[in-house]
Amino acid sequence: MIRAGANLIAASMRALTGVTVRWTDEQPDMRQTVYFANHTSHLDFVVLWSVLPPPVRALTRPVAAKDYWQSGLRKYLAVNVFRAVLVERAGQTQVPGADKLRTAEHSLELLLEALGGQNSLIIFPEGTRGTGQEVAPFKSGLYYLWRKRPDLRLVPVYLSNLNRILPKGEILPVPVISRANFGAPLQTGPDDSKQIFLEKAQAALCALRQA
Amino acid sequence: MNFKLDHQMVLIFQGLFGLLVLASLAGAILARTAKSEKGQATVENLNARVRAWWVMSGIFAITLIIGPNGSTILFAFISFLALREYVSLIDPFPADHRTLFWTFFVITPLQYWLVYRQWYGLFSILIPVYAFLFVPTRLAISGETQKFLDRASRIHWGLMVCVYCISYAPALLMLNIPGYRGQDAKLLLFLVVVVQLSDVFQYVWGKLLGKRKIAPNVSPNKTWEGFIGGVATAVAVGAGLYWMTPFRPGEALLMSIAITLSGFAGGLTMSAVKRDRGIKDFGTMVEGHGGILDRMDSICFSAPIFFHLTRYFFER
């Protein structure tokens, strides 16, 4: 029942956004993957999730901000349909440094638990929605996740035009054609420092912009 | 709804079916004989186009058989998709969001509702007058004044081309021509057949004989040989189809000339728009053809002209 609903939502999402998909490498498969994308709209994870092939989609869980998805219908959709992992946004809460660290550690634990032995994740490492012009510097969560689970594939996905469909602060969508460009898995070195790793990841995402 | 099939319409469908079978056969033979890599690519694109023609002809025939409401809904849908392709290209400002929402979900449905109600008076001025005044007003309310004139013109231009002009195709069904009652669907069929045959034969003649380019800066594929051959072929077919129209043979010939020339103008203008925006095709929706707008460009310009010529000279 929920599965059918999920397929319906995915199909209508693809219809509304007229999304064209480009796989630079191969089509996504069942291997455990972290898809990381630029963030410009609330639609981002829904669209990314909806263009994945159904069997892959069923194993892929978006990571979303708890403060946006915590009430009513949104929560129902997030938890039951998208099976989202809801995390606190450390940058968003007005808390002292120590608590911030604890929040971050707690979020990381949630992600590792959600991944388990077979699931994949969708992550927006910019942390918050941008204007669609620039890709903001990445938060360090992706790096710590990779340190704990270096076996995961990290696939960059550049989403364009979604901010035009539903920009910040708007409720009604305008059906503009959007694009999702999937890149090749990120090449990492075992000794990459946090800074180098995050720069590599950001560069890989930005490179898809023109593709 | 009227399921009674017009005998003449059936004849045209049979003709189209034969033409498509012929095109598919020719494509299959060419695919075996093409040697060079460039030739292979051309044949592959040709076959993709033929496959898309099968689908488009099928959809068009079904909606035409369903009756006026079928055609109105089909073209409403086409307008919506065309406007979506257009808006995706014009780099709107975030402040334009709500104005764009109005164009998609209020103005477009309203225009086709007027076609459905056959309310000619308002149908013909909704977008040229009311939307023309509404769009800049709504933009002004949004408070963003940067590039105001650019934004207002782009949005209204899109409405005119993608919604207003295309809506003239199903509007042909509201014409009231003496001695032609209940047969208006064949006018729409006539327009679509002539304009699309003109496009197809311009492509075919251009590929076979094309040398002298008409406007190399705008569209490198348009040649005088293709243009003259395509227009002549389509006009000959159009004149030969006079029996399905309210026109006499000579009138059908002149109408076909008006349709093909305005259709060509549409193709040229929309090519200029694509050049301006730095793209080759408007989209990827129609296999081998590009987007919906790439296929509709000639209809956009010929439908209003054909409608008004017919209305002026033949309606009571």
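Note that the structure is a prediction, hence the values are computed from the model and not measured. First the proteins, then the strands, lettered A, B, ... as listed; each starts at 1.
With a 4.5 angstrom heavy-atom cutoff, B:F104 touches chain A only via side-chain atoms. For A:S160, no part lies under 4.5 angstrom from a heavy atom of chain B. When heavy atoms are compared at a cutoff of 4.5 Å, B:Y86 does not approach chain A at all.
Two residues are said to be in side-chain contact when any heavy atoms from C-beta on lie closer than 4.5 Å; A:P173 and A:L16 meet this criterion. Looking at heavy atoms from C-beta onward, B:F60 lies out of side-chain contact with B:S71 at the 4.5 angstrom threshold. In this structure the side chain of B:P304 reaches within 4.5 angstrom of the side chain of B:C165, judged on heavy atoms.
A:N163 places no side-chain N or O within donor-acceptor distance of the main-chain N or O of A:T40, the cut-off being under 3.5 Å. A:S41 places a side-chain N or O within donor-acceptor distance of the main-chain N or O of A:L43, the cut-off being under 3.5 Å.
Checked against a 6.0 Å centroid threshold, the rings of B:F101 and B:F105 count as neighbours.
Listed in order of number, the residues of residues 44-52 of chain A that approach chain B to under 4.5 Å between heavy atoms amount to none.
Interface check for chain B: of the options A:V176, A:N161, A:I177, A:L166, the most heavy-atom pairs under 4.5 Å are formed by A:I177.
Using a cut-off of 4.0 Å between Lys/Arg side-chain N and Asp/Glu carboxylate O, A:R164 and B:D91 are scored as salt-bridged.
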Quiz: residues 266-275 of chain B side-chain donor-acceptor pairs under 3.5 angstrom, not counting sequence neighbours:
residue, atom, partner, partner atom, Å
B:T269, OG1, B:A265, O, 2.7
B:S271, OG, B:G267, O, 3.0
B:K274, NZ, B:D294, OD1, 2.6

